[in-house]
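In what follows, a single structure is set out as structure tokens and then discussed.
Note that the structure is predicted; figures quoted are calculated from it, not measured. When a ligand or atom number is given, it counts from 1 through the structure's own listing order. Starting from 1, each residue takes its place in the sequence as its number.
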Amino acid sequence: MSEDRVSKIIKPAILAAKAYHVPDSGGLTKLDAMENPYSWPEDVKDEWSRCLQQAELNRYPDASLSELRSRLAHALNLPDKVAMMFGNGSDELIQIILMALNKTSNVVMAPEPSFVMYRLLSSMMELEFVGVPLNKDFSLNLPAMLESIAKTKPAVIFIAWPNNPTGNAFEQEELEEIIKVAPGLVVIDEAYHAFAQKSVMSCLHKYPNVLLMRTLSKLGLAGLRLGMLFGASEWISELDKLRLPYNIGSLNQLSANFIIQNIQLLEQQAERIRNDREGLFNSLSKIPGVEAWKSEANFILFRVSNPGADEVHQELIKQKILIKNLQGAHPLLENCLRVTVGTPEENELFLTKLGKIVTA
Ligand SMILES: *Cc1c(COP(=O)(O)O)cnc(C)c1O
């Protein structure tokens, strides 16, 4: 195959991009991807498999997702007049929003460091991405944001709330300031809603330029791939045209319908994770040579000094523990790593191993 032909046909932005890398986690204690570590009780699993037997896989899935829609509207106490659409994970919703942008308004903005997909998908679609650095303590640099908004007039601003990988949630008043001056859309990404227990849902009606994004992934269904986008129907009805008609398969719809009826199970697991997060934070902070940041999500960001993050990461892998190394991801993240809150046993194991690797 001639490489020349590939490079002629494929967009330069894609040729230049690096594929999103998912590390091999076989045999490791997996604390790298904000997964819920708990499974379901056997009777719930049995009920779920019985439920899946209703699937008619010879038929296309329900394209309107009507049952899921009404169950979710009820479960989430969705305000009147808020429209919703579904994505194959919220990653797909980010992609859909970016695909919809007018050619003449192609600036995408987010504070940084933040969720990497905002930048990655923007650059693959040849949109201009403006990352506004956070302060050193990972709080929002509001003056810099406002200045950058005035200068670059972004079509979309993404704000992860709480933010990934830093774990903090910016002040709501700061979000409102941004929303007020934004010339286009502001997408508030509430992927960690279950762990922060705060939301802009109830004030969506006040902000006609705001979309709210949620996902079931971090709540405990990372394997399901179900993201949700909420906002005024004027926006949602346009974006929904870009959604492939059957993006949520029948098995996923049945599973989501089932779990929404059992949502208290996931909420109890989230509560456990929130409690364990506090213990993990306190223990991490006590390890000499470790600086940890308070988190409102199900992970904790921390910095090491001796040895550096690359070495700590590798050493933990040798000891069968996988966390996320953020060295090199952004200048503010020098020697930073991110650990997902696991079961108490997993957290303890991680702390013990880490304590033996780092020194002050
Ligand atoms: C994990 C994460 C997502 C991706 O969620 P999926 O629904 O699994 O695609 C989106 N936004 C943020 C901020 C995340 O951390």
Numbering as shown, the atoms of ligand 1 that approach [X] to under 4.0 Å (heavy-atom distance):
{"X": "Ser217", "answer": "6 (P), 7 (O), 8 (O)"}
{"X": "Asp91", "answer": "4 (C), 9 (O)"}
{"X": "Ala160", "answer": "13 (C)"}
{"X": "Ala191", "answer": "11 (N), 12 (C), 14 (C)"}
{"X": "Asn164", "answer": "14 (C), 15 (O)"}

Just heavy atoms, cut-off under 4.0 Å: does Met34 contact ligand 1 by side chain, backbone, both, or neither?
neither
I'd like to know whether Lys294 forms a salt bridge (Lys or Arg N to Asp or Glu O under 4.0 Å) with Glu278, so could you lay out the CA-CA distance, the side-chain angles of the two residues, the decisive distance to 0.1 Å, and finally the verdict.
CA-CA 9 Å; Lys294 270 260 171 214; Glu278 300 315 306; 3.0 Å; yes
Do the ring planes of Trp293 and Phe138 sit parallel (below 30°), tilted (30 to 60°) or perpendicular (above 60°)?
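The arrangement is perpendicular - the two ring planes meet at more than 60°.
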Answer yes if the side chains of [X] and [Y] hold a donor-acceptor pair under 3.5 Å, and no otherwise.
{"X": "Tyr118", "Y": "Asp189", "answer": "yes"}
{"X": "Thr29", "Y": "Glu346", "answer": "no"}
{"X": "Asn36", "Y": "Gln269", "answer": "yes"}
{"X": "Asn168", "Y": "Glu296", "answer": "no"}

For the residue pair Arg272 and Tyr38, would you count it as a cation-pi contact if the rule is NZ or CZ under 6.0 angstrom from the ring centre and within 45 degrees of the ring axis?
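Positive - Arg272 is close enough to the ring of Tyr38 and near enough to its axis.
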For this output row, return yes or no: ring centroids of Phe281 and Phe302 closer than 6.0 angstrom.
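Not close enough - the centres of the two rings lie 6.0 Å or further apart.
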Just need the protein heavy atom nearest to [atom], so name the residue and atom and give the distance.
{"atom": "atom 5 (O) of ligand 1", "result": "Ser90 OG, 3.0 Å"}
{"atom": "atom 1 (C) of ligand 1", "result": "Lys218 NZ, 1.4 Å"}
{"atom": "atom 15 (O) of ligand 1", "result": "Tyr192 OH, 2.6 Å"}
{"atom": "atom 11 (N) of ligand 1", "result": "Asp189 OD2, 2.6 Å"}

With respect to atom 7 (O) of ligand 1, which of Thr215, Leu226, Asn298 exhibits the smallest heavy-atom separation?
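Checking each option, the heavy atom nearest atom 7 (O) of ligand 1 is found in Thr215.
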State if Met117 counts as touching ligand 1 under the rule of any non-hydrogen atom under 4.0 Å.
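Under 4.0 Å: no for Met117.
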